[in-house]
Amino acid sequence: MSTSGQPQFRYTQTPSKVLHLRNLPWECIEEELIELCKPFGKIVNTKCNVGANRNQAFVEFADLNQAINMVTYYASSSEPAQVRGKTVYIQYSNRHEIVNNKGPGDVPGNVLLVTIEGVEAGDVSIDVIHLVFSAFGFVHKIATFEKAAGFQALIQFSDAVTASSAREALDGRSIPRYLLPEHVGSCHLRISYSAHTDLNIKFQSHRSRDYTNPYLPVNPTAIEGFVQPAVGPDGKKKELESNVLLASIENMQYAVTVDVLHTVFSAFGTVQKIAIFEKNGGTQALIQYPDVTTAAVAKDALEGHCIYDGGYCKLHLSYSRHTDLNVKAYSDKSRDYTIPESGLLAMQQAPGVPTAATVWQNPQASPMFPGSEFAGGSAMLAQSSAGQVPSWDPNMQAGRPTFVSVSRTFPGKTYAPSSVQAYASASTPGVSSPLVQTGQISPTVSPLGVSQPVHQPNMQPGGSLPPGQSPYYG
DNA sequence: AGCACA
């Protein structure tokens, strides 16, 4: 069944109504493809900006003869096919139809997902991002974070039209050099659409902003300047407490699923959300409780204990810097128990950020806050007039007008007052969970028994039960 | 300048 493999040469290729175009300018847009091809027939589909360099494209004609016409025409023409002055090479595609799988990032929305390539998180301040994107309209909110893909930002506009104008203008372009630190080489913006419609910004911080809500509290850790481990009265470092626990799972010989974790951690109170992920080759999980107290009890009770008998899946717990996980409601790696009917809702959940089953934003996550001045000391804050779309010139030199120094308060356009309500909804559901007191958890009694005694792995302090008891995940 | 990975 190996049909591929043989290199196809121009003269031996079987005709197809799909043509493969190479050597296009990377900026090439569909209109230009159509312009080039439509003299030869009816175009029913295109796919442009294909390939690593985004310089290839496919065009599908309604009829095979139309494609043949185009190929034969340019095969004997003295004028090569051109787009923007570049010679375009045309051949039959080795496929016979274009499959347009629009990824989630291609569905227009009011929130953009911007990947800033070639920079570290610290290189591009949120003010610079705000400045750049404000050129296209009022930026409501920005959340930045680091992912495998690199430094990313979600940028929320009023509507999809504004967002798409920003995308059209900026995708593939670079942030002007003068807005970047010296050491940054190139930094291309890769822009797609997020499925989010309204970002949930909890704090104004150096990595997230809500420009619609001047009353939003400033990240407390930002005010302090640094997130430094608090020092207890005894002078020892005290962990910052949190309602979210970070569990590292050691010696993970058996599958640890969301359900298993839910069972284990529910013994101490309502578990709101769980996210499992891989880090440094190990498995970790975040478990969110409604409050710090519950988390503290669970942490103390479970620390160092094993999910399975025999020392398997040993838990090490610490407090996360997260306070509210933003997870898919229902996936194999995450669960949001605060959403009713999460099984159904899971289908509609917004996969705003690609690649990960779990996504969370944390305004407090970075340990550093640059400077005491809240706006990060940036003198580059600019307030461009919302709604206007200045032309974007990446070669723009410093010293251009438009910069005004803006105070360290946030540009206080109070738009939708309704946005305030959104924050109220971010709190915990009104489930008062009966806490299992620490004292009640004898080291020899499995807390698992509390909730789901049947068919669940045994929570053992150190494998002291009779050996040979196998976990139910075998 | 050489085939789409959503």
Side-chain angles (χ1 to χ4, degrees), chain A residues 1-34 36-37 40 43-62 64 66-68 70-109 111-115 117 147-150 152 164 167 171-172 190-196 328 331-333 346-357 359:
Chain A
M1 292 292 280
S2 71
T3 53
S4 58
Q6 293 297 331
Q8 300 266 328
F9 295 103
R10 185 188 316 196
Y11 306 108
T12 61
Q13 276 183 312
T14 57
S16 163
K17 58 184 165 43
V18 180
L19 299 183
H20 175 224
L21 290 75
R22 289 176 282 128
N23 201 38
L24 291 157
W26 67 268
E27 308 95 321
C28 180
I29 57 175
E30 185 182 35
E31 282 69 22
E32 291 169 298
L33 285 181
I34 293 172
L36 177 70
C37 302
F40 300 93
I43 295 146
V44 295
N45 207 348
T46 68
K47 193 184 187 87
C48 53
N49 305 116
V50 164
N53 297 325
R54 319 224 312 157
N55 59 0
Q56 300 172 42
F58 297 92
V59 173
E60 179 176 342
F61 284 99
L64 177 63
Q66 298 167 344
I68 294 173
M70 183 162 181
V71 169
T72 52
Y73 175 85
Y74 281 111
S76 60
S77 167
S78 55
E79 294 285 321
Q82 290 190 333
V83 170
R84 301 195 192 195
K86 283 192 76 178
T87 296
V88 177
Y89 301 88
I90 303 169
Q91 344 170 230
Y92 299 113
S93 171
N94 50 27
R95 300 193 200 176
H96 289 86
E97 63 179 332
I98 292 177
V99 283
N100 275 62
N101 286 322
K102 275 203 169 178
D106 302 320
V107 181
V111 178
L112 296 178
L113 171 65
V114 180
T115 303
E117 296 176 344
K147 280 274 161 195
Q152 295 188 309
S164 88
R167 190 185 105 108
D171 191 18
R190 295 292 173 208
I191 306 181
S192 60
Y193 294 103
S194 164
H196 286 101
K328 272 199 172 182
S331 81
D332 62 334
K333 294 290 180 201
M347 296 301 105
Q348 311 163 10
Q349 276 296 300
V353 179
T355 73
V359 168

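Everything numeric in this text was worked out from a predicted model, so none of it was measured. Below, read A as the first sequence line, B as the second, and so on, with proteins coming before strands; counting in each chain starts at 1.
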Sidechain-backbone polar pair: [X] side chain, [Y] backbone, donor-acceptor under 3.5 Å:
{"X": "A:Asn49", "Y": "A:Trp26", "answer": "yes"}
{"X": "A:Asn45", "Y": "A:Glu60", "answer": "no"}
{"X": "A:Arg190", "Y": "A:Thr115", "answer": "no"}

Below 4.0 angstrom from OP1 or OP2 of B:dC3, is there any side-chain N or O of A:Arg22? no
Starting at the 5' end of DNA chain B, which residue's closest nucleotide do you reach first, A:Ser93 or A:Asp106?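 This one resolves to A:Ser93.
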For DNA chain B, whose closest nucleotide is more 5', that of A:Gly105 or that of A:Asn23?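 Of the two residues, A:Asn23 wins.
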What is the distance from [atom1] of [X] to [atom2] of [N], rounded to the nearest Å?
{"X": "A:Leu19", "N": "B:dA4", "atom1": "CG", "atom2": "P", "result": "16 Å"}
{"X": "A:Leu24", "N": "B:dA4", "atom1": "CG", "atom2": "C1'", "result": "14 Å"}
{"X": "A:Glu60", "N": "B:dA4", "atom1": "CD", "atom2": "P", "result": "16 Å"}
{"X": "A:Ile98", "N": "B:dC3", "atom1": "CD1", "atom2": "P", "result": "15 Å"}
{"X": "A:Tyr193", "N": "B:dA6", "atom1": "OH", "atom2": "P", "result": "18 Å"}
{"X": "A:Asn94", "N": "B:dG2", "atom1": "CG", "atom2": "C1'", "result": "10 Å"}
{"X": "A:Asn100", "N": "B:dA4", "atom1": "CG", "atom2": "P", "result": "14 Å"}
{"X": "A:Leu33", "N": "B:dA4", "atom1": "CG", "atom2": "C1'", "result": "13 Å"}

Taking the ring of A:Phe61 and the ring of A:Phe40, is the distance between their centroids below 6.0 Å? no
Report which part of the nucleic acid A:Glu97 touches: base, sugar-phosphate, or nothing (heavy-atom distance under 4.0 Å, all strands). base
Quick one: does A:Gln91 reach the base of B:dG2 with a side-chain donor-acceptor pair under 3.5 Å?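 Yes, the side chain and the base share a sub-3.5 Å donor-acceptor pair.
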Please tell me which of the listed nucleotides, B:dC3, B:dA1, B:dA4, lies nearest to the side chain of A:Tyr89?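 It is B:dA1.
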Please name the pair of heavy atoms, one in A:Ser77 and one in A:Glu79, separated by the smallest distance, quoted to 0.1 Å.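 Heavy atoms of A:Ser77 and A:Glu79 come nearest at OG-O, 2.7 Å.
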